[in-house]
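These notes concern the structure reproduced below.
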Amino acid sequence: MADNTLKERIFRTLKDLPPMPEVARRARVVLSNPNSSFSDLADVIESDQGIVTRVLKMANSSFYGLSGNVSTIQRASMVLGVKTLMELLGMACSSEIMSGTLDGYDIAAGDLWKHSLAVASASKMIARRIRPEMEQDAFSAGIIHDAGKIILNPYILEKKSEFQSHVRMGKGSFLSAEKAILGFDHAELASEVCEHWNIPEHIALSIRYHHDPSPSNHDILTYIIHVADAAAIMSGIGAGMDGMLYPINEQAMDFLSLKSDDIPEIMAETAVYIEKTIQQL
Ligand SMILES: [Fe+2]
Ligand SMILES: [Fe+2]
């Protein structure tokens, strides 16, 4: 079925999709106001107790290094700084949505979350090397780059045998099966749903082309997410069936001025990051 119809169906039920917690949108509004302070941001985060608990757990993990000494968001914002606090907020807001089982993709509970964290961390490290001012966007885009899978999962489950035979018969990857059978893939869909999640446009663009950055018109963030995603998958921190047949594009490496040695280094750091943070949420 050529599937504007399916996409329309999905968009009609948009209100039923898991929303990003309201606190994330409000935090972005506070940050975009030059007159707001640390304590305004802390006030917004403190309006959601579930999020507060998760942010503080992460802040006190061995990676972020506060080792149990910080018990309020106000204090965490002073010790860690706004950038890190926003990173923790992004993680706290997404972990619940991303942690479930996705049977359509054969993703076990927790695996999409682990993959998303790995891509966020690797993207941030690549950005730090080439465009430090993009670190925060790289982390946010990495966290949600595969969120389209959460939306598509039930539709894939309905047609699971068609997907399996597409891959088994060598017609292409699981990603190409999404396009062939549903009419669009998880990357395209997620980028369109970003508006519903109040995600800025430039992040939506990087999500749209994370599997093939060439149509992005040399968008650096898109190339960063692409390389981080491919590197995570090659290091065995993949999520489900779209991980196969997915090499890092040589042009992407050149475009980002990365050497092949950089990737194992970045992934080794990412593995440490995952180990130190994953238990905390
Ligand atoms: Fe993907
Ligand atoms: Fe991915």
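Just follow the structure's listing: the first ligand is 1, and inside any ligand the first atom is 1. Owing to the predicted nature of the structure, the values given are computational and were not obtained by experimental measurement. Quick note: residue numbers are just sequence positions, from 1.
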For D146, what is the atom name of its N, O or S atom nearest to the Fe ion (ligand 1)? OD1
Which atom name does D229 have for its N/O/S atom nearest to the Fe ion (ligand 2)? OD1
Please name the atom of H186, limited to N, O or S, that comes nearest to the Fe ion (ligand 1). NE2
Please state the angle at the Fe ion (ligand 2) spanned by NE2 of H115 and NE2 of H145: what is it, rounded to 10 degrees? 90°
Over 60° means perpendicular and under 30° means parallel, so tell me whether H186 and H210 are parallel, tilted or perpendicular. tilted
Using a cut-off of strictly less than 2.8 Å, determine whether H210 has an N/O/S atom near the Fe ion (ligand 2). no
When clusters are formed by joining ILVMFWY residues with side-chain heavy atoms under 4.5 Å apart, either directly or through shared neighbours, do M58 and V272 land in the same one? no
Does the shortest distance from the Fe ion (ligand 1) to an N/O/S atom of D185 fall below 2.8 Å? no
D219 side chain to S216 backbone, donor-acceptor under 3.5 Å: no
Counting only heavy atoms from other residues, nucleotides and ligands, does the tally under 6.0 Å from CD of E22 exceed 12? yes
Using a 6.0 Å distance limit plus a 45 degree cone around the ring axis, check whether K179 lies over the aromatic ring of F184. no
